[in-house]
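All heavy atoms count here, side chains included; hydrogens, waters and symmetry mates do not. Bear in mind the structure is a predicted one, so any value in this text is a computation, not a measurement.
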Amino acid sequence: HSFLKDNSLKTVIFLFFNCLQAFDDGGILKPENDKEECKRMLKLMDCTLRDGANVVGKGFDAKITKIVLDILTKAGVDYIELGNAGGIGAYEVAGFTNALTDDEYLELVRPYLGKGNHIGMFLNATRHRPGNDVPKAAKAGLDFLRVGCEPGRGEIAVPAIKEIKANEMKAFYSAMKAYLEIGRAHV
């Protein structure tokens, strides 16, 4: 892959570990704060294995996904999001086939589940297929799904969030491309 040739993945990993080191050294935290209390209050979600996949097409291959999962789980990242850049179901619904299938990602992540990190996928609310992707994610043992939709369209996320909760998973919400709304507010 060309992204490895230009060292961009190595740079991302280097920057990530420098941030963790700054956290551990108290560079970001006030020295008088209890380190464990700060870690309890601060939760980090890394979506490099999903959103970052836009750089290489629509998904990282199995080898890169495993390498990054190894790094993120060993580093103790609280929430790890992986899969097709378009979210669960995008391979079938949106034709984002320059990636592994959801089933391949779910099989690949199996050894990392239940080890202290929370692992999940993204679900674009416009691609929500009731009775399909959410139960598949729950059955595979994922901890969460993060539902996204454009700002001002939050109501379309509600059915997906209800289905996620009914499947006893954690649901997160993301206003996709919210920066566009901020830009419009200043026009």
Requested in this report: List for me each residue that meets salt bridge (charged side-chain N to carboxylate O under 4.0 Å, His left out) alongside Lys136, sequence neighbours excluded, and say none if there are none.
Outcome: Asp103
Query raised in the report: Quick one: salt bridge (charged side-chain N to carboxylate O under 4.0 Å, His left out) partners of Glu163, sequence neighbours excluded?
Result: none
**Report entry** Distance, nearest 0.5 Å, that separates CG of Asn54 from CZ of Phe96
**Finding:** 8.0 Å
Query raised in the report: How long is the gap from CG on Leu72 to CG on Leu44, to the nearest 0.5 Å?
Result: 8.5 Å
Pairs under 3.5 angstrom only: tabulate donor-acceptor contacts from the side chains of residues 115-125 to other protein residues two or more places apart or in another chain.
| from | atom 1 | to | atom 2 | distance (Å) |
| --- | --- | --- | --- | --- |
| Lys115 | NZ | Pro111 | O | 3.4 |
| Asn117 | ND2 | Val77 | O | 2.6 |
| Asn124 | OD1 | Thr126 | N | 3.0 |
| Asn124 | OD1 | Thr126 | OG1 | 2.6 |

Report summary line: Output for pair (Ile88 CD1, Leu106 CG), nearest 0.5 Å, gives 5.5 Å
Report task. Report the C-alpha separation of Val109 and Leu142 in whole Å, then their side-chain angles, then the decisive distance to 0.1 Å, and conclude whether the side chain to side chain contact (heavy atoms under 4.5 Å, CB included) test is met. Result -> CA-CA 9 Å; Val109 78; Leu142 293 186; 4.2 Å; yes
Query raised in the report: Among pairs that include at least one residue of residues 80-90, which meet salt bridge (Lys or Arg N to Asp or Glu O under 4.0 Å), considering only residues two or more places apart or in two chains?
Result: Arg50-Glu81, Glu81-Arg146
Query raised in the report: When you measure from the side chain of Asp46 to the backbone N and O of Ile80, does any donor-acceptor pair fall under 3.5 Å?
Result: no
Report summary line: Those residues at least two apart in sequence (or on a different chain) that pass side-chain contact (heavy atoms from CB on, under 4.5 Å) with Lys139 are none
Query - Qualifying side chain to side chain donor-acceptor pair (under 3.5 Å) pairs, either residue in residues 66-77, two or more places apart - result: Asp70-Tyr112
Report task. Could you tell me which residues satisfy side-chain contact (heavy atoms from CB on, under 4.5 Å) with Ala62, sequence neighbours excluded, listed by chain and number? Result -> Leu100, Leu108
**Report entry** Atom pair OH (Tyr91) and CG (Asn98), whose distance is rounded to the nearest 0.5 Å
**Finding:** 9.5 Å
Query raised in the report: side-chain contact (heavy atoms from CB on, under 4.5 Å) with Ala99: which residues, sequence neighbours excluded?
Result: Lys58, Asn84, Tyr105
**Report entry** Taking every non-hydrogen atom, the tightest pair across Asn167 and Pro135
**Finding:** OD1-CA, 3.9 Å
Requested in this report: Say whether, by atom type as modelled, one donor and one acceptor occur between the side chain of Glu107 and the main chain of Glu104 under 3.5 angstrom.
Outcome: no
Query raised in the report: salt bridge (charged side-chain N to carboxylate O under 4.0 Å, His left out) with Arg129: which residues, sequence neighbours excluded?
Result: Glu92, Asp133
Query raised in the report: Excluding sequence neighbours, so at least two apart, what forms side-chain contact (heavy atoms from CB on, under 4.5 Å) with Lys162?
Result: Val158
Requested in this report: Please check if atom CD in Glu168 has more than 12 non-hydrogen atoms from other residues, nucleotides or ligands closer than 6.0 Å.
Outcome: no
**Report entry** Closest approach of Ala171 to Ile161 (non-hydrogen atoms, all atoms of both residues)
**Finding:** CB-CG2, 4.0 Å
Report summary line: Value for CD1 (Ile164) from CE (Met169), rounded to nearest 0.5 Å, stands at 6.5 Å
Requested in this report: Please write out which residues are connected to Phe144 in a hydrophobic cluster, directly or through intermediates, given that two of Ile, Leu, Val, Met, Phe, Trp, Tyr count as joined at side-chain heavy-atom separations below 4.5 angstrom.
Outcome: Met45, Tyr79, Phe172
**Report entry** Nearest-0.5 Å distance that lies between atom OG in Ser174 and atom CD in Glu150
**Finding:** 10.5 Å
Requested in this report: List in chain and number order the residues that pass salt bridge (charged side-chain N to carboxylate O under 4.0 Å, His left out) with Arg127, two or more places apart in sequence or in another chain; answer none if no residue qualifies.
Outcome: none
Query - For the student: nearest non-hydrogen atoms of Cys149 and Gly154, plus distance - result: SG-CA, 3.7 Å
